[in-house]
Every structure is written in C-alpha cells, then in structure tokens.
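Written below as structure tokens is the structure these notes are about.
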Protein chains: 2
Amino acid sequence: MADVAAAAGVSAMTVSRALRRPDSVSAEVRARVEEASRRLGFVPSRVASALASARTMTVAVLIPSLTNAVFIDLLAGVQETLSPHGYQPLIGVTGYGPEAEERVLRAQLAHDPDGVILTGLDHTPGTWDLLRSLTVPVVHTMDLTTEGGLGDGGHGDGGVRTVGFSQFDAGYAIGAHLAERGRRRIGLIAGQLDPRTRQRCDGWRQALRDAGRHDPDRELLVPDATSVALGAELLERALAAHPDTDALFLCNDDLAQGALFQCARLGIPVPERLAVAGFNDLAGAAWTVPPLTTVATPRRAIGVEAARLLIAGMEDRAQSRPEPRCVDLGFRLMVRETT
Amino acid sequence: MADVAAAAGVSAMTVSRALRRPDSVSAEVRARVEEASRRLGFVPSRVASALASARTMTVAVLIPSLTNAVFIDLLAGVQETLSPHGYQPLIGVTGYGPEAEERVLRAQLAHDPDGVILTGLDHTPGTWDLLRSLTVPVVHTMDLTTEGGLGDGGHGDGGVRTVGFSQFDAGYAIGAHLAERGRRRIGLIAGQLDPRTRQRCDGWRQALRDAGRHDPDRELLVPDATSVALGAELLERALAAHPDTDALFLCNDDLAQGALFQCARLGIPVPERLAVAGFNDLAGAAWTVPPLTTVATPRRAIGVEAARLLIAGMEDRAQSRPEPRCVDLGFRLMVRETT
DNA sequence: GCTTCCTTTGTTAGCGGTAACATATCGACC
DNA sequence: GGTCGATATGTTACCGCTAACAAAGGAAGC
C-alpha cells in the first residue's frame, strides 16, 4: 500500500480510502490511486484490514452435513446472498452433534466472524453461552422458536432470531393428507433422527391421532443417515412387519425414492395398494414414477433470508440490538400421484 | 493474551508458545498458562496470528457450483481432510465461467490463503498469471494435465499439480461398453457443456468411431444445467429425432435418471429396446429400476488427495518447489442392468 | 477581509499476535 | 571452578492496514 501511495503521490491512508470508499476522495486522486493500484497489481490484505478495523468480512455457517442436499441448498442461498456484499462464508460441519457443534463454533469464533448462522435450535448450554457472549448477529435456521417440544434450554427467546418453517406443521400436513385420502393403516419411516426429523414425526403422529388412526407399531425409526438405498431396505422391513400397510410417510425424499424403486421392483402398485409420501421435494421428486407427493421446503430461501438478516445486523453500525425475529417461510404440500 | 500472561505470571510470548507448541515450554508454565487461558475464556485471534506469522490457515477452494453433487462431494473430501489440520476452506463459486473464476480467485487471494484448490484446468491467462505469482501451493482437480484437447494455454506443465482422472478415457469406456453390448444406433445426451463434459463426449465419440458406429446426428448437446427434469425432456427429443436409437449415453446420472423415468412413463423397455448409461454414479444410481449402468468417479477421494497434497506443500517450511505431480485416481465402469 | 464550516488529505498510534534475537538458568564436562 | 551447550523465558520490533484526530485549503456568509 505504501508503494501504491508513493506511485500515486499520496499517503497510504488516502489509498485505503480511495479503494474502500471511492467517493471519500477527490475524483483526481481516486483516478491516480486506481491507476497505480492496478499497475502494481495491488491487492489489499484482508487480514491486516480485519485486524485494524475489527471486521473480518466473514460469516460462520454451521451445518450438520455436506452430503445432505437440504443443507447444501441452505448454504447455496447463504453464499449467493453474502457474496455480493463481500462477505466470505466459513463453513463448519457439525455432523449432527450438538457437542461437535460447540467445538466447531469455538473453532470458527477464533476467526472473529462478523456474523453466525446455525442450523436448528438444539444447542448445548455451552453453545448458548458462547452465542450470548457474542457481539455479532446470530441467526438460527430451519426451525422456529415457537416450536413445541423443543425444551427451552434456559436461554429464553431473548434475542434469538430464527428463519425457518414449522417442521411440526409440515409433518402434520402430510399426516392429515394421507388420512384425508382415506388411508387407514399408515406407517412412518424415518432415518437421521435429528430434532427436526423428530418434530416432523411428531406432527405426523398428531395428525393421525386427530384422525383416530395412529398405530405406534407402524413406526420404523432408525438412526442411520437417509439414502435411497436405506429407503429401499426400510420399505421391505416395514411391509414385512405390516403387510397390510396402505400408506407410508418417509421423512426424507431420498428414502421415499428408494421406497418407490423397491415398490416397482416388488410389483407393489403405487398409489393403488400403497400410498407413498416424502419430504423436502428434492430434485427429481416431480419426475419419479409415479411423481412423488412430498412437502416442498424453502431451504434456499431460508439461507437467503438468514443471510439478509445477518447483513442488516452487520451493516448496522449503530449496533442497535435487533428485535428478536422469527421468520416463518412456510412450506408447501406437493400433492402428486403417489398418494 | 496480555491478561492471560499476567494471570499466569509469564510474558505474552510464553503464552503464545504454550498454546501453539505446548512442549516448547516447561510443564509447570504450560499448566499455569492453560489454566489461566481457560479461566479467562481466552481464544487467540487467528486474524492477528495470521498477520504476524503470514499464515492464515485458510485454503481457497474454487468450484463451479454448489448445486452439483459432484463438486459437493469434492468439497466434502477437502473439508474433512483440511479440518483436522486446523485449516479452514474458503469456498468460492465460479458458476462454470473462467472469467468468473478469475474474479473469484482474485477475491479469495485477498484473504491470503495458504493454498488453493481449483476445479479443472481451463483457466483464463489472467488466472494462470495469478497462480504463477503465488508462493503457496496450488492443486487442480477433476482432470489430468496429460489430457488431450486441452490446449496448453502457454503455461507449460511446469509445476502444475493435478488430482483427477481421465474424463476422455471414462467417456471412451462407456462408449466401448455400449458398442460391446452389440448396440448399433447409439446416441449421446449432454448438458452443462463444461470442458470435462466435452472430454467425456470426445472419449465416447472416439470409442464409437473405433467401433465404426459413430453417428454425429445422434448427439444432443444443450448448454443447460443437468437435472432429472432435463433428462426426461431430452430423452423425448432424442427419440423423436431418432426413434430407432438403441442405446444412449447421458453425460450425468441425473440426466440418466430422468431418462429412465421417462422410459418407464413411455413404456420403453430398458435395456431391451434401449440401453441407458449415465455418468458419476451419483447416489441412488444403483437403485433405479432397472439399476443404472454408469461410471463411478472418485470425487471425494479427489478432494481428499488434493487436500493432502496441499497440506504437504503447506507444512513444508523449506518451501521446496514441489515436483509437478499428476495423480490419476481412475474411475470404474459400473455395469448394471440398464445396458 | 475575516470567521466559520466543510471537504480533502495527512499523521499517529495502534489492532493482537509472532519471528528473531537476547538473556537467564542449569547441568555436564574437562 | 570455569566453559560450553541445551533449554526456557523475555524483549523488541514489526506484520499491513485503518480509526481517530489534526491540518490545510476553499467556499460561503456577514
């Protein structure tokens, strides 16, 4: 920067100003600095800038997994929103564990991010402590604070900002839909039992209870990560246990696709003998045979909105403590042909 | 750090040493520093550390897209390998454009990464210049320098390190496989025409020429991003143009899955009337009906190996210019039932 | 002509660590 | 006992930039 300053015949401070806020210097100086800067191939060091200004222009983004399309979409939304504003996402992968999340968060905080985006609301007390101690904005995603069954970990809702949708309501909607379709022996298949999956299941359960058709025996919950292969396998297990099942809710579309494939293989007509519903409306769900009924979740939009909220909080030089907000982006029941 | 030093009754430098290389201080001092550090909740600032030591512990990772599973797998491999060594990946999304890539790289370089991972070898001259000017290790992925049809952009192979596999050979393998199966009227469907896709197509073409069965009319290339929906649509277009086609190579598994779905819908028996082959062996390819013949690509392994090479280069304090290496991780033809 | 105020540029002093070197301490060895 | 070398800790100066304040110059107002 000193070289550029010398070349442009100004002080280093003026170079800094000319490059960061071009209209804070005269047009003539700006031109000279820009020319010198370009000629010398000057790239300002963000590290030094961060140290001097206490703004790193980075945002910690904590997600459970990189191999689940749901969180990738979230990340994509975050990335495409932050990027034009000059912010760098720092991804942290927690592997679905609250303890790991705390560790990862701690590691990320060493980078002094200007904001934090987390997945879900199930954090360790240590994580809540860390978050409370931060002076930068924090946004939680994929869930709502008003959600039942969460258990307020002593943190109150004070200042917690969330962008998501009601997993419970979404599960309820699927359950109600299957009941409305006249199905009576409705089963549930779920993997990757994170809190959001559990809430979906709770909603589904409630819907079936409300319809007087809940049968706990027809629930098949396994801890494994969801996949097409697992869906195929679990379909067989579910039908072996209860051959008369006439509808199934699978907690994620990859499971549902696997189940559909297996039905085709076993010659089980869908939806005639068995209705199948998935969740998330992942890529391809509209094209399966038959097209899959599922719940479209606004994953990318959640990422975009979370990033927007964060940017608003970060640009706010007044550091006004933002009012807690709980943005509900909703979901859509996509009724297709498998039900 | 000064507070911790005071609390532990040592100098700041000793605190720094105790936390970074614990065995460079006496056991007694180490214990005192660790206790004070924990008690005060001290988290060393990586920003300051980066400025003072000229090591940011970050790695720029440039990929074309976050919505293509191929690059997510690559990223996952990189992330899981870097993370235990304390390195933070900085993701940059280029949108498949060499010019955008140069812009993104420039932006990432402002963060002073300790290493760079790029996708592919088709970079702008400006990008090559930037890379040449770097003093940190660089690894290219998903391709091989020895690949034909690349066009050496005047950069020679000097020092270029690559981890990938031969896209050409993989395409050739699929083409040869379809020919071996006795198919005579073989078509090609491709989207997202990046250089790697083109190389696959080149390989396929060569295989068909070698078998004396290449028919340029049966190639359907579109620039759109690949998806299940696109696969379904292009299958119809391809068959409308050439109803007698008896085999199709689709350049990505999502296209192939869409095509399979559409075949089911149209009542076209696979593989009896039409053989279908995909590429990448994405999740679920083994479970489609019938299971999809495809080429398994070592995407995650490429990420892991690229990160390993990078780490080796970064830890090498001697800054010995590493010998150019071209790591071929190969591919596997997964013959399943669609062919 | 002289304030006053605003705009533009410069000066100074750090941000929070770490490299490099200086210094102290101790035991071993002749 | 004195010297040497290894080990442990301290001191100093900076990494490259920017906040905060200072200064200079020009326009506006009386």
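In what follows, chains carry the letters A, B, and so on, assigned in the order in which the sequence lines appear, proteins first and then strands, with residues in each chain numbered from 1.
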Please collect all side-chain hydrogen bond (donor to acceptor under 3.5 Å, both in side chains) contacts where either partner lies in residues 14-23 of chain A, sequence neighbours excluded, each pair once. A:S11-A:T14
I need the CE-P distance between B:M1 and C:dC15, as an integer number of Å. 14 Å
Please tell me which of B:M13 and A:S45 maps to the more 5' nucleotide of DNA chain D, matching each residue to the nucleotide holding its nearest heavy atom. B:M13
Between D:dG16 (C1') and B:D112 (CG): distance, integer Å: 10 Å
Please determine whether salt bridge (Lys or Arg N to Asp or Glu O under 4.0 Å) holds for the pair A:E34 and A:R38, giving the CA-CA distance in whole Å, both sets of side-chain angles, and the decisive distance to 0.1 Å. CA-CA 6 Å; A:E34 273 166 7; A:R38 188 168 23 257; 5.3 Å; no
side-chain contact (heavy atoms from CB on, under 4.5 Å) between B:L51 and B:V47, intermediate numbers included: CA-CA 6 Å; B:L51 185 59; B:V47 173; 5.8 Å; no
When you compare the protein's N or O atoms with those of nucleotides 6-9 of chain D, which come within less than 3.5 Å of each other, and at what distance?
{"unit_1": "D:dT9", "atom_1": "OP1", "unit_2": "B:S26", "atom_2": "OG", "d": "2.9"}
{"unit_1": "D:dT9", "atom_1": "OP2", "unit_2": "B:S26", "atom_2": "N", "d": "2.9"}

Atom NE2 of B:H111 to atom P of D:dC15: distance rounded to whole Å? 22 Å
Is there a side-chain polar atom (N or O) of B:S49 under 4.0 Å from OP1 or OP2 of C:dT18? yes
Apply salt bridge (Lys or Arg N to Asp or Glu O under 4.0 Å) to residues B:E99 and B:R103 and explain how you reach the verdict. CA-CA 6 Å; B:E99 287 76 21; B:R103 264 198 311 283; over 6 Å; no
When the rotation axes relating C1' atoms of four end pairs to the next four are compared across the helix from C:dG1-D:dC30 to C:dC30-D:dG1, five pairs an end, they differ to 10° by 40°
Would you mind reading off the distance between B:M57 atom CE and C:dT18 atom P, rounded to a whole angstrom? 11 Å
Could you tell me whether the side chain of B:R196 reaches within less than 4.5 Å of the side chain of B:D143, counting heavy atoms only? yes
D:dA19 P sits how many Å from A:R55 CZ, rounded? 10 Å
Can you tell me the distance, in whole Å, between the CG atom of B:L51 and the C1' atom of C:dG14? 12 Å
Can you list every pair that meets salt bridge (Lys or Arg N to Asp or Glu O under 4.0 Å) and has a residue in residues 65-92 of chain B, with sequence neighbours left out? B:D73-B:R299, B:E80-B:R300
Do A:Q88 and A:T58 meet the criterion of a side-chain donor-acceptor pair at a distance under 3.5 Å? no
Please walk me through it: do B:L90 and B:V59 pass side-chain contact (heavy atoms from CB on, under 4.5 Å)? CA-CA 6 Å; B:L90 297 183; B:V59 171; over 6 Å; no
Please collect all ring-ring contact (aromatic ring centres under 6.0 Å, His included) contacts where either partner lies in residues 82-127 of chain B, sequence neighbours excluded, each pair once. B:H123-B:W128, B:H123-B:H140
Distances for protein N or O near nucleotides 23-25 of chain C N or O, under 3.5 Å:
none

Rounded to the nearest Å, what distance is computed from the CG atom of residue B:D3 to the C1' atom of nucleotide C:dG16? 12 Å
Interatomic distance, B:L144 atom CG to B:L121 atom CG [nearest 0.5 angstrom]: 8.0 Å
Quick one, B:L309 and B:V163 - any side-chain contact, counting heavy atoms below 4.5 Å? yes
Quick one: B:R21 CZ to C:dA19 C1', roughly how many Å, whole number? 11 Å
